[in-house]
Amino acid sequence: MSITLTDQDKLTLQTAAWGAVSLMAAAGAAGSSHRVATDGSLALASATGPVGHVLAKYPKDMKLDSKSVAGIADRVLPALTAAMTLLKQQDPAEADNFRGTVVVAVEAAARTHEGRPSPALADMMRKITAALDAA
C-alpha cells in the first residue's frame with residue numbers, strides 16, 4: 001500500500017514522535033534529561049520505512065516551547081493520536097511501524113535510569129502509550 005503525506009501530515013508525525021521524547025526528557029529531569037533525550041532520539045533516528053524517512057530529521061517548525069510539561073503534553077499527546085489515525089487510514093502497517101518506533105524510543109529513554117523507570121517516567125510512558133492507542 002502506498003502512503004501519501006502532506007507537509008502538515010509529516011509535521012504531525014514529527015511532533016508526535018519527537019515530542020514524545022521531549023516529554024520523556026521533561027519527566028526525567030530529576031535524573032539526566034539530556035541522557036533521556038539522547039537515547040530516545042537515537043531510537044527515532046533508527047526508524048525505517050516511510051515513517052523512518054519522515055522522522056529522519058528533527059522538525060524545525062515544531063512548536064513545543066512551553067514553560068510546563070503540561071503545555072508540551074497538550075500538543076504532543078493529541079499529535080500521537082492524530083498520527084496513528086492518519087497512518088491507520090493510509091497504511092495500517094505503517095501505523096504499526098510508527099507505534100513501534102515511538103514505543104522503542106520511549107523505552108530507550110526510560111532505560112537510562114538504573115533499574116526500573118522513575119515513577120514520573122513510568123507515568124509518562126503510560127500517557128504516551130494511551131495516546132497512541134486512542135486512535
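Residue numbers run from 1 in the order of the sequence given.
Checked by atom type and distance alone, the side chain of Lys88 pairs as donor or acceptor with a backbone atom of Ala135 at under 3.5 Å. The backbone N or O of Arg126 sits nowhere less than 3.5 Å from a side-chain atom of Thr129 that would complete a donor-acceptor pair.
By the 4.5 Å heavy-atom criterion applied to side chains, Thr48 and His53 are not counted as neighbours. Two residues are said to be in side-chain contact when any heavy atoms from C-beta on lie closer than 4.5 Å; Asp96 and Arg99 fail this criterion. Between Leu23 and Leu77, some side-chain heavy-atom pair lies under the 4.5 Å cut-off. Side-chain contact between Ser118 and Leu121: present, with at least one pair of heavy atoms (C-beta onward) separated by less than 4.5 Å. With contacts defined as side-chain heavy-atom distances shorter than 4.5 Å, the pair Leu5/Leu86 qualifies. For the pair Thr38/Leu42, a side-chain contact is recorded, criterion being any heavy-atom separation below 4.5 Å from C-beta on.
The two atoms that bring Phe98 and Leu13 nearest to each other are CE1-O, 3.7 Å, heavy atoms only. Here the shortest heavy-atom pairing between Ala83 and Ala16 reads CB-CB, 4.2 Å. Closest heavy-atom contact between Ala110 and Met24: CB-CE, 3.9 Å. Between Lys10 and Val54 the shortest heavy-atom distance is O-CG1, 3.8 Å. Summarising the geometry of Ala20 relative to Ile128, their closest heavy-atom pair is O-CD1, 3.7 Å, with the distance given to 0.1 Å. Looking at every heavy atom in both residues, Lys57 comes nearest to Trp18 through O-NE1, 3.6 Å.
Among the candidates Val104, Val103, Asn97, the single residue satisfying the side-chain contact (heavy atoms from CB on, under 4.5 Å) test with Thr101 is Asn97.
No side-chain N or O of Thr12 forms a donor-acceptor pair with one of Asp9 less than 3.5 Å apart.
Considering OG of Ser46 and CG of Leu55, their distance stands at 10.0 Å, rounded to 0.5 Å. Between the CG atom in Leu11 and the CD atom in Gln14 there is a gap of 6.0 Å [rounded to 0.5 Å].
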Requested in this report: Go through Met124 and Val69 one step at a time and tell me if the side chain to side chain contact (heavy atoms under 4.5 Å, CB included) criterion holds.
Outcome: CA-CA 10 Å; Met124 190 58 70; Val69 176; 3.7 Å; yes
Report task. Go through the steps for Leu87 and Ile3 under the test side chain to side chain contact (heavy atoms under 4.5 Å, CB included), then give the verdict. Result -> CA-CA 8 Å; Leu87 290 171; Ile3 186 168; 3.3 Å; yes
